[in-house]
Number of protein chains: 2
Amino acid sequence: MAEQRVATIEDVAREAGVSRQTVSNVVNRPGIVKEATRRKVLVAIEELGYAPNAVARRLRQRRSSTIGVKLDAYSGGISGVVLDRFVHALTEHASSRGLRVLVYAARTLADELGYINGLADGGEVDAIILTGTALGDPRAERLRERGMPFAAFGRPWGAGDADHPWVDIDGAAGTRAATEHLLARAGEHVAFLGWPPDSGTGDDRERGWRAAMGDRAAPRLATLDGVNEGRRLVRELLERGETPVDGIVCASDALAIGAHLAAVRAGRPDLQIVGFDNTAAAEAIGISSVEQLPERVAEGILELLMGSEGTEIRRGPAPQTAGLLVEPRLIVR
Amino acid sequence: MAEQRVATIEDVAREAGVSRQTVSNVVNRPGIVKEATRRKVLVAIEELGYAPNAVARRLRQRRSSTIGVKLDAYSGGISGVVLDRFVHALTEHASSRGLRVLVYAARTLADELGYINGLADGGEVDAIILTGTALGDPRAERLRERGMPFAAFGRPWGAGDADHPWVDIDGAAGTRAATEHLLARAGEHVAFLGWPPDSGTGDDRERGWRAAMGDRAAPRLATLDGVNEGRRLVRELLERGETPVDGIVCASDALAIGAHLAAVRAGRPDLQIVGFDNTAAAEAIGISSVEQLPERVAEGILELLMGSEGTEIRRGPAPQTAGLLVEPRLIVR
DNA sequence: CGAGGTGATTTGAACGATCAAATTTTAACG
DNA sequence: CGTTAAAATTTGATCGTTCAAATCACCTCG
């Protein structure tokens, strides 16, 4: 049945008639051990079903080969999927690079700072990944103090993009592509439905629309996120009928769905609308959307932390403080 | 800035003029140490910014206070948002019980078995949580052999519900509630739109509908999951018009959305439809749905593994092989 | 044949904490 | 005040591995 005591490196050494260290070498640096010895040891390992104790190794090496990621609260809205896909992709890429992923949740900033301390001092993780960082983020500050490597999913808006290592989605490129698509396919009156100013992400997405529109004029609507909000604004816009509208680029799928519902209700079911995030909801309804590709972000983050090839996290404060922008992809439906 | 070497228990002991063990006691069993000593040590801890090294503790205690959870890829089974919410809730509850959560991804069964071995032997985790287990699941088998505690989100269908510890959503209770709701609100012709037989989860959900319908007759449609599939079947049903339809209970939100789109197209936009999973898509469109409450599942799983109060995972094979059903909640829109 | 070098293997210490047992201090009581 | 029990604290060993240095085996060459 179950082996009560799992085999240790010592057991293998005895069985194979060699020393601990030789067994260790067979496992970690097979190149430096003589072929005959290596085979002997491998047989013993197989025999005893030995697997190295990761905890002991970590203690000795003072490295955990683990990264910590915060899970943000499930907000219930349409978004949030992006982050989940990110975590998932990160886990897959991390596995293939020999890293483990430890997730944690924290309700308050104080909790999170405490948790970060524990992870850092306890030697639990070699690096931490933050999401949604702002300029002068206290978490980033704390991590820097502790000398713990970290990177963020999201730009530290306003920091001249170089406050700490980050990877983000190029929202402007996404809305620009969406706008150009509608300009080519629907007509030149492409409106923008976004959020109130000063939200970083929102401004970025609006920027892409503006860039693509150039001198053309079209309404720019702003409201809080949400299906009902989007529906209301677009209903008013269409009922007013002052300006022609050939298409609408939206800052989120929630807004896009609202816009779509309003358009259908107003008798314009084929009004071209593009959302942002490419959520299941947009797919189900058949609305075009900008897909964020959080998988790329995950790759990028690991690259910042580990270099493009390595399997180890760089020690000390990250030398590279630059950021990396991932270009999203327009999904046309 | 950064303290190059983090303080160890030895440093604290020296600073406070006591022995290692006393410091350890202050941290872990404050009750047994004299008040004056305790204060002295706490001052030293504060002074040096000491935090215990979790890795060393784990090695000595031969316990990791960590549970492993597999992240499924996005498709099939307990998919998407439900699983993400589950992982999130699990993380929160685990934190409050002093556990960490390690996530892993595996593309193939062989990969997963290998990973499980590593986690188990390496002492990385004290327990593992599986999702989507079947009768005689090789992963469960392996874990039992290894003597590693585990529990599953999902029933081992067909095992008489007692193959290993599990927690699951009571799908039948959900569809029953949905059906009763429609019977009371829409009329007595409540159809069911589900999946082909023998899918465990699907049969369960159909069972709830049957139970609520009793002797009443109504169409039962089955197809693969997906918006387009649902739309097609419902369009055909409504076009045929042989039987009156007052409402439709669906086995998934994807099917429900398809049904809704077909109903709108067929000129019956107010046909009552209930989905399953309460996804953001259903919420956005305004379709009622059965909400799975994965948070409760997370609680239940921890309870199976740790008992209702403890902060430690039970050693050895779980004594309790029973399962636990969580009743879902109908969200009416 | 012995010095020197290279490659393979072994030995002892260390990583930082907790366990178990031993020791010291304090309290209680006749 | 002395004896004894209980409480508080310390000591030595240990968890399983890898690092760094030491040793051993073997080969080459003058």
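Throughout, a chain's letter reflects where its sequence line sits, starting with A, and its residues are numbered from 1.
For A:Y50, the ring pair (Phe, Tyr, Trp, His ring centres under 6.0 Å) criterion is met by no residue, not counting sequence neighbours. Residues forming a side chain to side chain contact (heavy atoms under 4.5 Å, CB included) with B:R57 (at least two apart in sequence, or on another chain): B:V27, B:N28, B:P52, B:Q61. For A:E35, the salt bridge (Lys or Arg N to Asp or Glu O under 4.0 Å) partners two or more places apart in sequence, or in a different chain, are A:R38, A:R39. With sequence neighbours excluded, the residues that form a side chain to side chain contact (heavy atoms under 4.5 Å, CB included) with A:L324 are A:V167. Evaluation of the salt bridge (Lys or Arg N to Asp or Glu O under 4.0 Å) rule for A:R14 yields A:D11 as partners, not counting sequence neighbours. A:E15 is linked by a salt bridge (Lys or Arg N to Asp or Glu O under 4.0 Å) to nothing, counting only residues two or more places apart in sequence or in another chain.
The main-chain N or O of B:D126 is found under 3.5 Å from a side-chain atom of B:S64 such that the two form a donor-acceptor pair. Remark: the backbone N or O of A:T91 is paired with a side-chain donor or acceptor of A:S95 at under 3.5 angstrom. Judged by distance alone, the side chain of B:D84 and the main-chain N or O of A:D84 form no donor-acceptor pair under 3.5 Å. Listed for the B:R155 side chain is a donor-acceptor partner under 3.5 Å among the backbone atoms of B:I169. Using a distance-only test at 3.5 Å, with no hydrogens or angles considered, a donor-acceptor pair links the side chain of B:H93 to the main chain of B:A89.
Using a 4.0 Å heavy-atom criterion, one finds that B:T22 contacts the bases of the nucleic acid, with or without backbone contacts as well. Within 4.0 Å (heavy atoms only), A:V55 reaches no atom of the nucleic acid at all. Base engagement by B:R20 is indicated by at least one non-hydrogen atom pair under 4.0 Å involving a base atom. The residue A:Q61 sits close only to the backbone: its heavy atoms come under 4.0 Å of sugar-phosphate atoms, none of a base.
Pairs engaging residues 90-111 of chain A under the salt bridge (charged side-chain N to carboxylate O under 4.0 Å, His left out) rule: A:E92-B:R107, A:R100-B:E124, A:R107-B:E92 [sequence neighbours left out].
Taking the charged nitrogens against the carboxylate oxygens, A:R142 and A:D137 have no contact shorter than 4.0 Å, which rules out a salt bridge.
Helix-axis bend for the helix from C:dC1-D:dG30 to C:dG30-D:dC1: the local axis fitted to the five terminal pairs at one end deviates from that at the other end by 50°, rounded to 10°.
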Trace of the side chain to side chain contact (heavy atoms under 4.5 Å, CB included) decision for B:W166 with B:F153: CA-CA 6 Å; B:W166 55 263; B:F153 179 178; over 6 Å; no

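Within residues 11-19 of chain B, the residues approaching DNA chain D are B:V18, B:S19, by heavy-atom distance under 4.0 Å. Taken residue by residue, residues 34-42 of chain A places heavy atoms nearer than 4.0 Å to DNA chain C at A:K34, A:T37.
Put simply, chain B comes within 4.0 Å of DNA chain D, heavy atom to any atom, from D:dA8 to D:dG16, going 5' to 3'. Once you apply a 4.0 Å limit to the heavy atoms of chain A, the touched nucleotides of DNA chain C run 5' to 3' over C:dA8 to C:dG16.
Mapping B:R60 and A:V27 onto DNA chain D via the closest heavy atom, the residue that lands nearer the 5' end is B:R60.
B:N53 contributes atom CG, which lies 10.0 Å from atom CG of B:L59 (distance to the nearest 0.5 angstrom).
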